[in-house]
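This report refers to the structure that appears directly beneath it.
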Amino acid sequence: IRLQRQKIVLQRRLKVPPAINQFTNTLDRQTATSLFRLAKKYQPENKLEKKERLRKRAEERAAGKPDTPTRRPLVVASGVNTVTNLIERKKAQLVVIAHDVEPVEIVLFLPALCRKMNVP
């Protein structure tokens with residue numbers, strides 16, 4: 001707790017560059033709830049769901065229908081390298097950055113990259 005208080009005092013006394021200061025803002029409760037609901041909707045399929053999807057495909061193939069590969073569902077991507085690659089290839093549709101990343105230099109470039117590539 002002492003370290004947290006010292007950090008707050010330092011942040012008040014020092015001028016913080018805008019690139020770092022943007023990570024002091026957090027979402028309000030309602031927006032965060034809707035974001036978590038959206039993330040839950042696009043969470044990766046678990047082993048049971050994948051097994052069921054592949055089982056249905058095998059049953060259709062056994063019934064004599066042509067083998068059409070099932071489309072993997074859209075999922076949320078995580079990780080700095082993965083997200084950076086998606087932004088650069090213009091595949092990202094929405095980027096959410098945590099405000100409490102330590103050290104902040106890891107994600108410092110992401111907002112500028114998103115603005116450059118027109119990703120919200």
Q. Does CZ belonging to Phe109 count more than 12 external heavy atoms closer than 6.0 Å?
A. yes

Q.
Just checking Gln6: does its CD atom have more than 12 heavy atoms from other residues, nucleotides or ligands closer to it than 6.0 angstrom?
A. yes

Q | Pairwise distance CG(Leu35) to CZ(Arg37) - rounded to 0.5 angstrom | A | 10.5 Å

Q | Partners passing side-chain hydrogen bond (donor to acceptor under 3.5 Å, both in side chains) against Glu60 (at least two apart in sequence or in another chain) | A | none

Q. Taking atom OG1 of Thr84 and atom CZ of Arg89, what is their separation to the nearest 0.5 Å?
A. 11.0 Å

**Q.** Minimum side-chain heavy-atom gap Pro120-Val95 below 4.5 Å
**A.** no

Q) How about Glu49 and Asn46: do any of their side-chain heavy atoms sit closer than 4.5 Å? A) yes

Q. Out of curiosity, Lys47 NZ to Glu45 CD, how far, rounded to the nearest 0.5 Å?
A. 12.5 Å

**Q.** Straight-line distance of Ser34 OG to Leu27 CG, nearest 0.5 Å
**A.** 8.0 Å

Q) Pro111 versus Arg115: any side-chain heavy-atom pair under 4.5 Å? A) yes

Q: Check whether any side-chain heavy atom of Val76 lies under 4.5 Å from a side-chain heavy atom of Pro44, and answer yes or no.
A: no

(Q) Working note: Leu110 + Ile87, criterion side chain to side chain contact (heavy atoms under 4.5 Å, CB included); need CA distance, chi angles, decisive distance, verdict. (A) CA-CA 9 Å; Leu110 281 177; Ile87 295 170; 4.0 Å; yes

Q.
With a 6.0 Å cut-off (strictly less than), is the heavy-atom count around CD of Gln30, excluding the residue itself, greater than 12?
A. no

Q: Please test Arg55 against Glu52 for salt bridge (charged side-chain N to carboxylate O under 4.0 Å, His left out), starting from the C-alpha separation and ending with a verdict.
A: CA-CA 5 Å; Arg55 180 180 289 130; Glu52 186 64 32; 3.4 Å; yes

Q) Is a donor on one side and an acceptor on the other found under 3.5 Å between the side chain of Asn21 and the backbone of Pro17? A) no

Q: Consider only side-chain heavy atoms of I, L, V, M, F, W and Y, link residues closer than 4.5 Å, and tell whether Leu48 and Leu54 are in one cluster.
A: no

Q: Give a yes or no on this: more than 12 heavy atoms of other residues, nucleotides or ligands lie within 6.0 Å of atom CG of Leu74.
A: no

Q: Just do the side-chain hydrogen bond (donor to acceptor under 3.5 Å, both in side chains) check on Asp28 and Thr31 with the steps written out, would you?
A: CA-CA 6 Å; Asp28 60 291; Thr31 310; 2.7 Å; yes

(Q) A side-chain contact here means heavy atoms from C-beta on lying under 4.5 Å apart; do Asp100 and Phe23 qualify? (A) no

Q | Co-membership, hydrophobic cluster, residues Val96 and Val75, 4.5 Å side-chain | A | no

Q: Please go through Ile1's hydrophobic cluster and name the other residues, only I, L, V, M, F, W, Y counting, with side-chain heavy atoms under 4.5 Å joining them.
A: none

Q | Derivation of the side chain to side chain contact (heavy atoms under 4.5 Å, CB included) call for Val119 and Leu86 | A | CA-CA 10 Å; Val119 175; Leu86 289 173; over 6 Å; no

Q: Look at the side-chain heavy atoms of Ile, Leu, Val, Met, Phe, Trp and Tyr, link any pair under 4.5 Å apart, and say whether Val80 and Val83 land in one connected group.
A: yes

Q. Can you tell me how far CG of Leu3 sits from CG of Leu10, rounded to the nearest 0.5 angstrom?
A. 10.5 Å

Q: For residues Thr82 and Ala77, report the shortest heavy-atom separation together with the two atoms involved.
A: CG2-CB, 4.0 Å

Q.
If the condition is salt bridge (charged side-chain N to carboxylate O under 4.0 Å, His left out), which residues does Glu88 pass it with, not counting sequence neighbours?
A. none

(Q) Grouping I, L, V, M, F, W and Y whenever their side-chain heavy atoms are under 4.5 Å apart, do Ile97 and Ile20 come out in a common cluster? (A) yes

Q. Should the heavy atoms of other residues, nucleotides or ligands under 6.0 Å from CZ of Arg5 be counted, would the total exceed 12?
A. no

